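Small disclaimer: the values here were computed from a predicted structure and weren't measured.
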Amino acid sequence: MSKKRKPLGPARWAILIACAIVFCGCLAYLGMWVKDNVEEQNDFKEVSQVHEKKDGLAEVYAMNQDAVGWITIDDTNIDYPVMQTIDDPEYYLHRDFKKGYSESGTPFLDAASRTGDEPTWNWLIYAHNMKFGSMFHDLLEYDSKDFWEKHSTVKLQIITGVKNGKPVIEEGEYEIFAAARSKIRDKYSKKFKYYDYAGFTDEKSFNAFIKGVKKEALYDTGITPEYGEQLITLSTCAYHDDNGRFYVVAVRKK
């Protein structure tokens, strides 16, 4: 004969109600988060449609003059404008293309890259690693050499200046030669910090960067850039370590 269940006391009822409130709150937050991400990606689709037109990057620049380029990796979700704000380097960390608040942010060029008349040899571009697969989430696929073999090319358009009110656009294809895991290190650490190499133009720094990247690389691609060749570095967050980062480095094809 089964025993009758004891009625819930006031304390247990209070706990159940509290849990229900927390659950509903989490569900509502998740719903809002999903909604915001969908809206953000729809906004980027609109900008992307403009970019697909003839002279598309020029039109994108007319919409927002913080745009300095466009980056694309075929067969991935990486197809975005690249922004740069010298006086407020991380302005687009949590802002969309229209300058509204955005959890995803917008890819942006390090302030130290292209600050003067002479461009640096390394254009460092940051973007978030979003769980929905947007921004630079797909960079983490490069931990596989098989993926690299099928997706080794990065397409980059860069606005090099403005002439007669119109942007001067340089287009190039870059071949990825290294993919690596790293982290943001203590400022006093003497270990290699790939993110410190965005503002240099000298050969010694170039060679030090290549040496450090090669040492951290997850696999050998057989490619070693030489001084004078233009590089781009794409960086995003990763969770293999506290303050973890994942980055790939590419060299402009000859």
Engineer: Less than 4.5 Å apart, any side-chain heavy atom of I78 and any of T72?
Structural biologist: no
Engineer: Using modelled atom types and a 3.5 Å cut-off, is there a donor and acceptor pairing between side-chain atoms of T233 and backbone atoms of V249?
Structural biologist: no
Engineer: Are F108 and Y91 near enough that their ring centres are under 6.0 Å apart?
Structural biologist: no
Engineer: I'd like to check the ring pair (Phe, Tyr, Trp, His ring centres under 6.0 Å) partners of Y142; sequence neighbours left out, ordered by chain and number.
Structural biologist: F147
Engineer: Looking only at side-chain N and O atoms, does T85 offer a donor or acceptor that is under 3.5 Å from a partner on D66?
Structural biologist: no
Engineer: Same cluster or not: I86 versus I159, using hydrophobic residues (I, L, V, M, F, W, Y) connected whenever any side-chain heavy atoms lie under 4.5 Å apart?
Structural biologist: no
Engineer: Between Q157 and H51, do the side chains contain an N or O donor and an N or O acceptor separated by less than 3.5 Å?
Structural biologist: yes
Engineer: For residues P107 and I125, report the shortest heavy-atom separation together with the two atoms involved.
Structural biologist: CB-CG2, 4.3 Å
Engineer: To the closest 0.5 Å, what do you measure between NZ (K183) and CG (N243)?
Structural biologist: 7.0 Å
Engineer: Report the distance from atom CG of L57 to atom CD1 of I169, rounding to the nearest 0.5 Å.
Structural biologist: 4.0 Å
Engineer: Please name all residues satisfying side chain to side chain contact (heavy atoms under 4.5 Å, CB included) with R252, sequence neighbours left out, ordered by chain then number.
Structural biologist: E170, Y174, Q230
Engineer: Applying salt bridge (charged side-chain N to carboxylate O under 4.0 Å, His left out), which residue pairs with at least one partner in residues 72-84 are found, sequence neighbours left out?
Structural biologist: D74-K155
Engineer: Can you find a pair of side-chain heavy atoms, one from N64 and one from F97, that are under 4.5 Å apart?
Structural biologist: yes
Engineer: What are the two closest heavy atoms between S102 and D96, and how far apart are they?
Structural biologist: CB-N, 3.5 Å
Engineer: Looking at V68, V82, L156, which one forms a side-chain contact (heavy atoms from CB on, under 4.5 Å) with W123?
Structural biologist: L156
Engineer: Group every Ile, Leu, Val, Met, Phe, Trp and Tyr by side-chain heavy-atom contacts under 4.5 Å, then state whether I223 and L231 land in the same group.
Structural biologist: yes
Engineer: Show me the donor-acceptor pairs within less than 3.5 Å that the side chains of residues 190-199 make with the rest of the protein, sequence neighbours left out.
Structural biologist:
| from | atom 1 | to | atom 2 | distance (Å) |
| --- | --- | --- | --- | --- |
| K193 | NZ | D186 | O | 3.1 |
| K193 | NZ | K187 | O | 3.1 |
| K193 | NZ | S189 | O | 3.0 |
| Y194 | OH | S235 | OG | 2.6 |
| Y195 | OH | R185 | N | 2.8 |

Engineer: Does any N or O in the side chain of T106 come within less than 3.5 Å of the main-chain N or O of R95, such that one atom is a donor and the other an acceptor?
Structural biologist: yes
Engineer: In chain order, what residues pass the salt bridge (Lys or Arg N to Asp or Glu O under 4.0 Å) check against D143, with sequence neighbours excluded?
Structural biologist: R181
Engineer: Evaluate whether atom CD of E226 has more than 12 neighbouring non-hydrogen atoms of other residues, nucleotides or ligands under 6.0 angstrom away.
Structural biologist: no
Engineer: Can you name the nearest heavy-atom pair linking S48 to W70, along with the distance?
Structural biologist: CA-CH2, 3.7 Å
Engineer: What is the minimum heavy-atom distance between C237 and N129, and which atoms define it?
Structural biologist: O-ND2, 3.2 Å
Engineer: E141 vs H151, test: side chain to side chain contact (heavy atoms under 4.5 Å, CB included). Steps then yes/no.
Structural biologist: CA-CA 10 Å; E141 298 289 345; H151 305 84; over 6 Å; no
Engineer: Check whether S152 reaches the backbone of E149 with its side chain - one donor and one acceptor, N or O, closer than 3.5 Å.
Structural biologist: no
Engineer: Any donor-acceptor pair under 3.5 Å linking the side-chain atoms of D110 with those of S113?
Structural biologist: no
Engineer: Please indicate whether K253 has more than 12 foreign heavy atoms, meaning atoms of other residues, nucleotides or ligands, lying under 6.0 Å from its NZ.
Structural biologist: yes
Engineer: Applying side chain to side chain contact (heavy atoms under 4.5 Å, CB included), run through Y219 and W148 and close with a yes or a no.
Structural biologist: CA-CA 10 Å; Y219 43 82; W148 165 76; 3.2 Å; yes
Engineer: I need the L234 CG to L124 CG distance, nearest 0.5 Å.
Structural biologist: 8.5 Å
Engineer: Please check if the number of heavy atoms outside D242 that lie under 6.0 Å from its CG is greater than 12.
Structural biologist: no
Engineer: Minimum heavy-atom separation for L218 to A180, with atom names?
Structural biologist: CG-CA, 4.1 Å
Engineer: Given the rule in the side chain to side chain contact (heavy atoms under 4.5 Å, CB included) test, do E175 and T153 qualify, once you have shown the distances and angles that lead to the verdict?
Structural biologist: CA-CA 5 Å; E175 187 168 20; T153 299; 5.6 Å; no
Engineer: Just how far is it from atom CE of M130 to atom CG of D138, taken to the nearest 0.5 Å?
Structural biologist: 13.0 Å
Engineer: Where the side chain of D55 meets the backbone of A58, is there a donor-acceptor pair that is under 3.5 Å apart?
Structural biologist: no
Engineer: Measuring from atom OG1 of T120 to atom CG of D202, what distance do you get when rounded to the nearest 0.5 angstrom?
Structural biologist: 11.0 Å
Engineer: Look up atom CZ in R245 and atom OG1 in T236, then write down how far apart they are to the nearest 0.5 Å.
Structural biologist: 8.0 Å
Engineer: Are V168 and M83 linked, directly or through other ILVMFWY residues, by side chains that come within less than 4.5 angstrom of each other?
Structural biologist: no
Engineer: Closest approach of A67 and V60, non-hydrogen atoms and distance?
Structural biologist: CB-CG1, 4.2 Å
Engineer: Using distance alone, with no hydrogens and no angle criterion, decide if Y126 and E90 have a side-chain donor and acceptor under 3.5 Å apart.
Structural biologist: no
Engineer: Using the ring pair (Phe, Tyr, Trp, His ring centres under 6.0 Å) criterion, which residues pair with F206? Sequence neighbours excluded.
Structural biologist: W121, Y227
Engineer: Side chains of T221 and K145: any donor to acceptor distance under 3.5 Å?
Structural biologist: no
Engineer: Do H137 and H128 have ring centroids that are under 6.0 Å from one another?
Structural biologist: no
Engineer: Just so I know, are the side chains of Y247 and V213 near enough to count as touching, which here means a heavy-atom distance under 4.5 Å?
Structural biologist: yes
Engineer: Would you check if the side chain of H94 reaches a backbone N or O of G105 as a donor-acceptor pair within less than 3.5 Å?
Structural biologist: no
